[in-house]
Amino acid sequence: DSLVAQNRSAILGCSALKEEYRQRLREGHPEVELVYLTADYSLIHSRIAARPGHFFKKDLLKSQFDDLEEPRRALSVSAAQRPDQIVEEIVRRLSL
């Protein structure tokens, strides 16, 4: 709330797998924009496998994909791109 009152922007990264969670994030803040990074199971699995010692265990990935309710109101961006390309696309499409 304080960032909104100050007319400042912020970026929050989270899974928000269910529509209900995304509605809570937007509650009272219609200016909130959601960006949905799209990727298939094999891409995400390979990235997790390449992170030795990472807190997220790859055997949990299936349940995350099973629980995912694809957003109806979000900017969809392919996660298959390099991180700098993802950021560039988001900035361009949101006209930041």
Side-chain angles (χ1 to χ4, degrees):
D1 285 334
S2 64
L3 289 174
V4 172
Q6 296 172 27
N7 198 30
R8 295 179 63 198
S9 297
I11 297 172
L12 169 68
C14 64
S15 60
L17 297 172
K18 303 228 179 243
E19 183 62 28
E20 174 186 350
Y21 307 155
R22 295 185 291 273
Q23 288 176 359
R24 285 187 201 169
L25 291 170
R26 284 188 164 132
E27 196 170 275
H29 299 288
E31 70 280 359
V32 169
E33 296 282 350
L34 298 178
V35 177
Y36 175 46
L37 296 179
T38 62
D40 63 20
Y41 181 90
S42 62
L43 174 66
I44 301 301
H45 187 272
S46 67
R47 288 185 178 173
I48 291 170
R51 297 178 180 170
H54 192 268
F55 73 93
F56 188 87
K57 306 296 181 216
K58 62 185 174 191
D59 55 329
L60 297 174
L61 184 61
K62 183 180 179 326
S63 68
Q64 297 288 288
F65 269 81
D66 289 345
D67 288 346
L68 175 63
E69 296 172 1
E70 293 207 13
R72 295 184 302 253
R73 290 182 24 216
L75 170 65
S76 292
V77 176
S78 173
Q81 303 174 80
R82 293 187 326 261
D84 62 311
Q85 293 172 314
I86 293 170
V87 170
E88 183 179 306
E89 181 175 348
I90 293 168
V91 168
R92 180 179 49 78
R93 292 180 61 194
L94 290 178
S95 300
L96 299 175

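Model, not experiment: these values are computed from the prediction.
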Which heavy atom in A16 sits nearest to a heavy atom in L25, and how many Å separate them?
CB-CD1, 4.1 Å
Do I44 and Y41 land in one hydrophobic cluster if side-chain heavy atoms of ILVMFWY residues count as linked below 4.5 Å?
yes
Residue list, side-chain contact (heavy atoms from CB on, under 4.5 Å) with D84, at least two apart or on another chain:
R82
Working to the nearest 0.5 Å, report the span between CD1 of I90 and CD of E33.
11.5 Å
Determine whether V35 and I11 fall in the same hydrophobic cluster, where Ile, Leu, Val, Met, Phe, Trp and Tyr are linked whenever their side-chain heavy atoms lie under 4.5 Å apart.
no
How many angstroms lie between CD in E70 and OG1 in T38, if you round to the nearest 0.5 Å?
8.0 Å
Just wondering, more than 12 heavy atoms not from E88 lying within 6.0 Å of its CD?
no
Worked check of side chain to side chain contact (heavy atoms under 4.5 Å, CB included) between K18 and D67:
CA-CA 7 Å; K18 303 228 179 243; D67 288 346; 4.2 Å; yes
Does L37 belong to the same Ile/Leu/Val/Met/Phe/Trp/Tyr cluster as L43, with side-chain heavy atoms less than 4.5 Å apart forming each link?
no
How long is the span from the OG atom in S76 to the CD atom in E89, to the nearest 0.5 Å?
9.5 Å
Scan residues 22-31 for pairs that pass salt bridge (Lys or Arg N to Asp or Glu O under 4.0 Å), counting only residues two or more places apart or in two chains.
E19-R22, E20-R24
Could you measure the distance from the CG atom of L61 to the CD1 atom of I48? Nearest 0.5 Å is fine.
4.5 Å
Near Y21 OH, under 6.0 Å, is it more than 12 heavy atoms from other residues, nucleotides or ligands?
no
Can you list, by chain and residue number, the hydrophobic cluster partners of L68 when the side-chain cut-off is 4.5 Å?
L17, Y36
